[in-house]
Amino acid sequence: MKGFLLLLSFMTRIPMPKTDYDEEKLGKSMKYFPVVGIIVGFILLFFCIIFNFILKNISYSAVLPLMIIVVILTDLITTGALHLDGLADTFDGIFSYRSKHKMLEIMKDSRLGSNGALALILYFLLKFILLFSLTIESRESALYAIMTYPVVSRFCSVVSCASSPYARGSGMGKTFVDNTKICGLIVATIITILYTVGIIFTPYVLFNNYSLPIEFIIKIISIIVIIIGLLALFAYAFSKLIERKIGGITGDTLGALLEISALVYIFLLLVIPSFFLG
């Protein structure tokens with residue numbers, strides 16, 4: 001429990017009771033990173049509900065872009081832009097096309113470079129477009145995405161920690177990489193799958209009095225497992241690519257992977273179901 005509270009206070013800006021720092025417990029708590037995503041997802045849902053209630057008398061077409069901006073800003077404020085900073089630093093370093101040592105130096109520099117700025121612009125643009133397109137396609141799917149993308153993207157960070165060594169001799173990210181083993185990855189996988197499946201079927205269980213066809217249940221579970229499997233492969237490939245570039249992963253690349261995988265996940269939610277339910 002202490003490790004999870006440390007993880008939550010480190011990875012978000014959610015007010016937490018003061019807890020004595022314990023590096024080993026913090027590192028071992030990485031397997032619960034998807035649970036942090038669950039909390040973030042419900043925070044996003046809460047503000048969506050509040051905002052929708054405030055603007056209930058305004059047309060849906062006018063509210064939709066504002067709603068998406070609220071989701072993006074709420075996510076940004078909740079995490080303190082921690083992972084976006086990693087995204088910018090990673091792009092600044094990797095696309096400098098320098099030596100491994102120089103790339104690591106650039107990534108450690110707090111200043112924002114042109115590649116990092118471009119990455120942030122493209123990130124916000126793509127996230128807005130993907131959420132907008134998904135909402136137009138299906139409001140239920142968009143709501144599901146808002147509640148689950150923080151979970152699946154953090155699962156991808158756990159995959160990365162279990163896949164590659166740390167690139168530097170020391171650093172905060174090393175704590176997570178050194179303490180994340182296969183058993184931790186299994187725990188994170190179970191949490192992610194149970195939540196992403198459960199969040200779909202919970203409304204049917206609570207608010208409907210009829211049973212779902214077994215074929216429908218199998219299709220939904222298949223879609224979720226396929227998407228999570230593809231994201232896990234993406235996270236593994238990304239980690240190995242970064243390892244080849246700089247000799248391992250860093251806290252910045254974990255943040256970059258988290259944000260990029262969120263975009264990939266929303267895209268897959270838009271595309272994959274059409275092959276099963278179309």
Side-chain angles (χ1 to χ4, degrees), residues 6-14 26-27 29-30 33-34 36-37 40 72-98 100-127 149-180 188 231 234-266:
L6 284 170
L7 182 69
L8 191 60
S9 62
F10 180 78
M11 294 296 188
T12 70
R13 294 297 177 265
I14 300 172
L26 175 62
S29 69
M30 188 64 177
F33 202 18
V36 175
V40 173
I72 294 173
L73 288 178
T74 302
D75 193 356
L76 185 66
I77 293 169
T78 303
T79 59
L82 175 66
H83 311 302
L84 285 175
D85 180 65
L87 175 68
D89 287 343
T90 298
F91 271 70
D92 276 336
I94 297 301
F95 289 99
S96 66
Y97 300 106
R98 306 287 186 86
K100 292 181 180 180
H101 178 71
K102 190 63 179 176
M103 284 183 184
L104 287 170
E105 280 189 359
I106 293 171
M107 290 167 67
K108 203 169 185 179
D109 193 335
S110 59
R111 292 173 295 182
L112 179 65
S114 57
N115 289 321
L118 180 60
L120 291 177
I121 292 170
L122 289 174
Y123 168 82
F124 286 118
L125 182 62
L126 285 171
K127 192 169 188 178
Y149 85 74
V151 181
V152 178
S153 59
R154 283 161 178 80
F155 162 72
C156 288
S157 290
V158 182
V159 174
S160 184
C161 285
S163 302
S164 297
Y166 196 68
R168 296 190 176 99
S170 62
M172 182 57 70
K174 183 175 174 59
T175 302
F176 298 113
V177 174
D178 289 348
N179 288 283
T180 303
L231 262 297
F234 173 78
Y236 180 82
F238 179 89
S239 302
K240 291 304 175 183
L241 174 63
I242 295 298
E243 184 180 341
R244 192 176 69 181
K245 292 283 186 181
I246 58 175
I249 60 175
T250 68
D252 286 327
T253 66
L254 288 174
L257 173 62
L258 188 152
E259 298 294 0
I260 294 171
S261 60
L263 299 181
V264 176
Y265 174 70
I266 298 171

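Quick caveat, the model's predicted, so the values are computed rather than measured.
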Pairwise distance CG(Leu263) to CG(Leu122) - rounded to 0.5 angstrom: 10.0 Å
Non-hydrogen side-chain atoms of Val158 and Pro34 separated by less than 4.5 Å: yes
Results of salt bridge (Lys or Arg N to Asp or Glu O under 4.0 Å) for Lys108 - residues two or more places apart only: none
Asp92 and Arg111 ion-paired at < 4.0 Å: no
Between CZ on residue Phe91 and OH on residue Tyr123, distance to nearest 0.5 Å: 12.0 Å
Taking every non-hydrogen atom, the tightest pair across Ser157 and Met30: CB-CE, 3.9 Å
Which atom of Lys127 lies closest to which atom of Asp75, heavy atoms considered: NZ-OD2, 3.1 Å
Minimum side-chain heavy-atom gap Leu82-Met11 below 4.5 Å: yes
Main-chain N/O of Ser163 paired with Lys240 side-chain donor or acceptor, under 3.5 Å: yes
Side-chain donor or acceptor of Asp85 paired with backbone N/O of Ala81 under 3.5 Å: no
Thr78 side chain near Arg13 side chain, heavy-atom distance below 4.5 Å: no
From Ser96 atom OG to Met103 atom CE, the distance as rounded to the nearest 0.5 Å: 5.0 Å
Neighbour count above 12 (heavy atom, 6.0 Å) for Phe234 CZ: yes
Chi angles and distances behind the side-chain contact (heavy atoms from CB on, under 4.5 Å) call for Ile94, Ile246: CA-CA 8 Å; Ile94 297 301; Ile246 58 175; 4.1 Å; yes
Under the salt bridge (Lys or Arg N to Asp or Glu O under 4.0 Å) test, residues paired with Lys245 that sit two or more places apart: none
Backbone of Leu104 reached by a side-chain donor or acceptor of Arg168 within 3.5 Å: yes
Distance (rounded to the nearest 0.5 Å) between Tyr166 OH and Asp178 CG: 9.5 Å
Main-chain N/O of Ser9 paired with Thr12 side-chain donor or acceptor, under 3.5 Å: no
Atom pair OG1/CD1 of Thr79 and Ile14 - distance to nearest 0.5 Å: 9.5 Å
Minimum heavy-atom distance Ile242-Gly248, with the two atoms named: CG2-O, 3.3 Å
N/O donor-acceptor pair under 3.5 Å between Thr180 side chain and Val177 backbone: no
Shortest non-hydrogen contact from Leu84 toward Phe124: CD1-CZ, 3.6 Å
Any donor-acceptor N or O pair under 3.5 Å, side chains Ser239, Ser160: yes
Rounded distance [0.5 Å steps], CD in Glu259 versus OG1 in Thr90: 11.0 Å
For Asp252, salt bridge (Lys or Arg N to Asp or Glu O under 4.0 Å) partners two or more places apart: none
Minimum heavy-atom distance between Met107 and Asp89, given as atom pair plus value: CG-O, 3.2 Å
Close side-chain approach of Leu254 and Thr250, heavy atoms under 4.5 Å: no
Contact summary for Cys156 and Leu257, nearest pair of heavy atoms: O-CD2, 3.3 Å
